[in-house]
2 protein chains.
Amino acid sequence: MEFKQTVQRLAALAQENRLTVFRLLVQAGPDGLAAGRIAEALGLAPATLSFHLKELTHAGLVQARQEGRFIFYSADFAAMNDLIATLTENCCGGEPCLPVCDNTCKE
Amino acid sequence: MEFKQTVQRLAALAQENRLTVFRLLVQAGPDGLAAGRIAEALGLAPATLSFHLKELTHAGLVQARQEGRFIFYSADFAAMNDLIATLTENCCGGEPCLPVCDNTCKE
DNA sequence: TCCATATTTCCATAATCATGGAAACGACGT
DNA sequence: ACGTCGTTTCCATGATTATGGAAATATGGA
C-alpha cells in the first residue's frame, strides 16, 4: 500500500466520530447502513455526518451505494485488511508479528 | 484498548512525518535512534521534530531514554501490536481476519 | 566555571479540520 | 408537475495542528 494512502486511511480513522461510524459499519456487515441510520446512531447533524462519510469513502475505507432514496454505506473490509497488513509490516519490520497473530488467527 | 487511546494512536501515525519517524524507529530496532539522527534523516527543524516526537511518545507508541547528551527514541512494539489487534477486531467484528493472517503469519 | 552540543519549550503564524445552518439536489409517490 | 424525504453541497465559524525561529534547559568535556 502506498505511503500517502496509508496516511490518508489512518487519518480517516483517527477521529472519534469517524472511527465510531466505521465500527458501526463493520458491525452492520456487508449490507451496511443508510446515512440516516448512522446519523441517528451518532446524533450528528446531517452535514457533519456527510463530511465524515466523504472522508471515509475518499480514503477508500467505506463504499456507498444508492438504494431507492437512501444511500447505504458499508465498510470495505479488503481496504481495512490492506491497512492492517501495511501496519503489521511497519510494526514488525517484515517479520511475523507473533502477538497479533496469536490473538487473531487461532482456530 | 480504550477507544480514545485508539484514536490518539491512529492520529499519532496519521501524519507523514510522524509515520516516517515511526517506520524509521521500527527499522532501527529496540535501541532506537537519537533525536538528532532522526531530524537529520527527515530534514526537519529541531522544534518540529520535537513536536512530532512528543506526539508519538504521548500516544505511547515510542519511548525515550536519555543516554549521555543524547535522547534516544525507540518504537514501542507492544503498543503497536495492541493497536493492530484492536483494529483487527474492529475490522473483522471479532472474527479471524483471514487475509491479514495469510499475509503475515505464514511460516 | 565556561563552552559547545543536543534537545526542548515558548511563541507566532499559516494551514487544515470539524461543525452545523441553510439551500440545493435527487428520488419517490401522488 | 408537486410535495416530501433523504442526503449532499455551500458557506461561515471556531478549534486544532504543523511549522520553525529564538530562547531556555540539560549534559558532558576542557
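Lettering follows sequence order; numbering is per chain, from 1.
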**Study point:** Nearest listed nucleotide, side chain of B:Ala47, among D:dG21, C:dA22, D:dC5
**Key:** D:dG21

Point to revise | Shortest side-chain distance from A:Gln66, nucleotide among C:dT5, C:dA27, C:dG20 | key: C:dA27

Nearest-angstrom distance from the residue atom [atom1] of [X] to [atom2] of [N]:
{"X": "A:Leu42", "N": "C:dA18", "atom1": "CG", "atom2": "C1'", "value": "14 Å"}
{"X": "A:Asn17", "N": "C:dG20", "atom1": "CG", "atom2": "C1'", "value": "13 Å"}
{"X": "A:Gln15", "N": "D:dT16", "atom1": "CD", "atom2": "P", "value": "12 Å"}
{"X": "A:Phe72", "N": "D:dT8", "atom1": "CZ", "atom2": "P", "value": "13 Å"}
{"X": "B:Glu16", "N": "D:dA18", "atom1": "CD", "atom2": "P", "value": "11 Å"}
{"X": "A:Ile71", "N": "C:dC28", "atom1": "CD1", "atom2": "P", "value": "11 Å"}
{"X": "A:Leu44", "N": "D:dT8", "atom1": "CG", "atom2": "P", "value": "13 Å"}
{"X": "B:Glu67", "N": "D:dG28", "atom1": "CD", "atom2": "P", "value": "10 Å"}

Review point. Taking all atoms of both residues into account, what is the closest heavy-atom pair of A:Phe22 and A:Leu61, and its distance?
Key: CE1-O, 3.4 Å

Point to revise | Transitive ILVMFWY side-chain link A:Phe51 to A:Tyr73, under 4.5 Å | key: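 Different clusters: A:Phe51 never reaches A:Tyr73 through Ile, Leu, Val, Met, Phe, Trp or Tyr contacts under 4.5 Å.
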
Practice item. Just jot down the side chain to side chain donor-acceptor pair (under 3.5 Å) partners of B:Gln66, sequence neighbours excluded, or say none. Key: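 Result, side chain to side chain donor-acceptor pair (under 3.5 Å) vs B:Gln66: none returned.
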
Hey, is the side chain of [X] poking within less than 4.0 Å of OP1 or OP2 on [N], counting only N and O atoms?
{"X": "A:Thr48", "N": "C:dG20", "answer": "yes"}
{"X": "B:Arg18", "N": "D:dT17", "answer": "no"}
{"X": "B:Ser50", "N": "C:dT8", "answer": "yes"}

Value rounded to 0.5 Å, distance of [atom1] in [X] from [atom2] in [Y]:
{"X": "A:Leu24", "Y": "A:Leu19", "atom1": "CG", "atom2": "CG", "answer": "11.0 Å"}
{"X": "B:Asp82", "Y": "B:Arg9", "atom1": "CG", "atom2": "CZ", "answer": "6.0 Å"}
{"X": "A:Leu25", "Y": "A:Asp76", "atom1": "CG", "atom2": "CG", "answer": "11.0 Å"}
{"X": "B:Thr48", "Y": "B:Leu53", "atom1": "OG1", "atom2": "CG", "answer": "11.0 Å"}
{"X": "A:Lys4", "Y": "A:Gln8", "atom1": "NZ", "atom2": "CD", "answer": "10.5 Å"}

Review point. For DNA chain C, which residues in residues 29-39 of chain A have a heavy atom at a distance below 4.0 Å?
Key: none

Check your understanding: Between residues 52-62 of chain B and DNA chain D, which residues have a heavy-atom gap below 4.0 Å?
Key -> B:His52

Point to revise | Full working for side-chain contact (heavy atoms from CB on, under 4.5 Å) between A:Thr6 and B:Leu13 | key: CA-CA 9 Å; A:Thr6 303; B:Leu13 295 174; over 6 Å; no

Practice item. Using a heavy-atom cut-off of under 4.0 Å over every strand shown, decide if B:Phe51 touches base, sugar-phosphate, or nothing. Key: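 Touches a base.
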
